[in-house]
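Read the structure below first, then the notes.
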Amino acid sequence: MNKPTLLAPAGEWKNLVSAIDHGADAIYFGVGQFNMRANAKSFGLDGIERVTDYCRSHGVAAHLTLNTIIYENELSDLDRTLEHVKEAGVDMVIGWDLALLERCRALDIPLCVSTQASVSNSAAARFYEELGVKRIVLARECSLDDIRSILQNTSLEIETFVHGAMCVAVSGRCFM
């Protein structure tokens, strides 16, 4: 069995530095309009390279969340964002919108399917695997037995949430 990877959020520089100083193997961060945490602090598009450089210099992977719904009028902004992502050498993008998946695949940017996709069975996992996805974040509602079964039926990397209380949501879909 492989050692688990500790992936920590970093909404701003002090969080980034703290996560790395306290042993994170990877961090995830958001940028602008494609950040699910709209009211949270996030890095600007021009900050992606600085984040990835800092992470790389400390042996930490940089994962960028682009996990919002992407509307038709945002596709050109998504393309611009992904150009920055590719140039900066982000290790992985986390998202679920199929337009994002298609563009990441075309640019050879590794993609992790976010918990917003509600992957809770091996058939869904294999579907994403066939599309070239590298990792999936399982639905938060999956039991340990569900996780074991999915692991046995796919070769994808599997990510799960291990923290305590959930918000008022099902797989990251807020009902507030």
Side-chain angles (χ1 to χ4, degrees), residues 5 7-12 16 26-53 55-56 61-142 150 153-161 166-167 169-176:
T5 299
L7 175 63
E12 58 184 329
L16 175 75
I27 59 96
Y28 65 94
F29 65 103
V31 293
Q33 75 193 75
F34 300 115
N35 184 2
M36 180 67 89
R37 308 293 181 262
N39 295 326
K41 292 183 180 180
S42 66
F43 297 93
L45 203 54
D46 57 344
I48 295 174
E49 189 169 355
R50 186 172 172 222
V51 170
T52 56
D53 287 348
C55 288
R56 196 167 288 112
H63 299 191
L64 177 64
T65 57
L66 301 175
N67 56 355
T68 60
I69 295 170
I70 299 170
Y71 294 97
E72 187 68 25
N73 65 339
E74 296 176 318
L75 291 173
S76 61
D77 290 339
L78 176 64
D79 290 337
R80 238 182 334 277
T81 299
L82 290 174
E83 288 171 16
H84 284 276
V85 166
K86 183 73 174 176
E87 288 173 21
V90 168
D91 294 289
M92 187 174 294
V93 167
I94 303 169
W96 63 277
D97 189 283
L98 291 175
L100 174 68
L101 188 153
E102 181 266 335
R103 283 162 162 80
C104 282
R105 188 169 62 174
L107 292 169
D108 199 28
I109 298 171
L111 182 73
C112 172
V113 172
S114 169
T115 191
Q116 279 83 21
S118 300
V119 175
S120 56
N121 60 69
S122 59
R126 283 191 307 273
F127 171 79
Y128 284 111
E129 185 174 24
E130 289 172 10
L131 293 175
V133 167
K134 180 178 180 182
R135 177 185 297 166
I136 54 174
V137 183
L138 294 178
R140 296 176 188 187
E141 299 76 23
C142 288
I150 294 166
N153 290 292
T154 182
S155 61
L156 283 169
E157 293 177 9
I158 302 293
E159 185 175 321
T160 61
F161 282 84
M166 287 177 36
C167 60
V170 174
S171 287
R173 293 184 176 94
C174 188
F175 292 113
M176 291 292 288

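Not measured: the values here are computed from a predicted model.
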Considering all heavy atoms of both residues, which atom of Ile48 and which atom of Val85 are nearest to each other, and what is their separation? CD1-CG2, 4.2 Å
Apply side chain to side chain donor-acceptor pair (under 3.5 Å) to Thr68 and Gln33, showing your working. CA-CA 8 Å; Thr68 60; Gln33 75 193 75; over 6 Å; no
Whether the side chain of Trp96 engages the backbone of Thr115 through a donor-acceptor N/O pair (distance < 3.5 Å, no angle test) should be reported. no
Considering all heavy atoms of both residues, which atom of Leu156 and which atom of Thr154 are nearest to each other, and what is their separation? N-OG1, 3.2 Å
Side chain to side chain, Asp108 and Lys86, heavy atoms closer than 4.5 Å: yes
Can you name the nearest heavy-atom pair linking Cys142 to Val119, along with the distance? SG-O, 4.0 Å
Return the minimal non-hydrogen interatomic distance between Leu100 and Val93, and the atom names on each side. CD2-CG1, 4.0 Å
Go through it in stages, so that I can follow the logic: the residues are Val90 and Ile109, the test is side chain to side chain contact (heavy atoms under 4.5 Å, CB included), and I'd like the CA-CA distance, side-chain angles, deciding distance and then a yes or no. CA-CA 8 Å; Val90 168; Ile109 298 171; 5.8 Å; no
Main-chain N/O of Ala62 paired to Asp91 side chain as donor or acceptor, under 3.5 Å: yes
Looking only at heavy atoms, what is the nearest atom pair of Ala10 and Phe43, with distance? O-CE1, 3.2 Å
Please determine whether the number of non-hydrogen atoms from other residues, nucleotides or ligands lying under 6.0 Å from atom CG of Leu131 exceeds 12. yes
Between Asn153 (side chain) and Ser122 (backbone), is there a donor-acceptor pair under 3.5 Å? no
Leu111 and Cys104: which non-hydrogen atoms are nearest, and at how many Å? CD1-SG, 4.1 Å
Under the 3.5 angstrom rule, does the side chain of Glu129 hit a backbone N or O of Ser155 as a donor-acceptor pair? yes
Taking C-beta and beyond as the side chain, do Leu64 and Ile94 meet within less than 4.5 Å on heavy atoms? no
Would His84 and Glu49 satisfy side chain to side chain contact (heavy atoms under 4.5 Å, CB included), going step by step from the backbone distance to the final call? CA-CA 8 Å; His84 284 276; Glu49 189 169 355; over 6 Å; no
Going through the distances and angles, do Leu66 and Ser114 end up as a side chain to side chain contact (heavy atoms under 4.5 Å, CB included)? CA-CA 9 Å; Leu66 301 175; Ser114 169; over 6 Å; no
Heavy-atom check, side chain of Val51 versus side chain of Ile27, under 4.5 Å: yes
Is there a donor-acceptor pair under 3.5 Å between the side chain of Arg56 and the backbone N or O of Gly89? yes
Rounded distance [0.5 Å steps], OH in Tyr71 versus CG in Asp77: 14.5 Å
If you apply the rule side chain to side chain contact (heavy atoms under 4.5 Å, CB included), what do you find for Glu159 with Cys112, and how did you get there? CA-CA 9 Å; Glu159 185 175 321; Cys112 172; 4.0 Å; yes
Look at Arg50 together with Asp53 and state whether they make a salt bridge at an N to O cut-off of under 4.0 Å. no
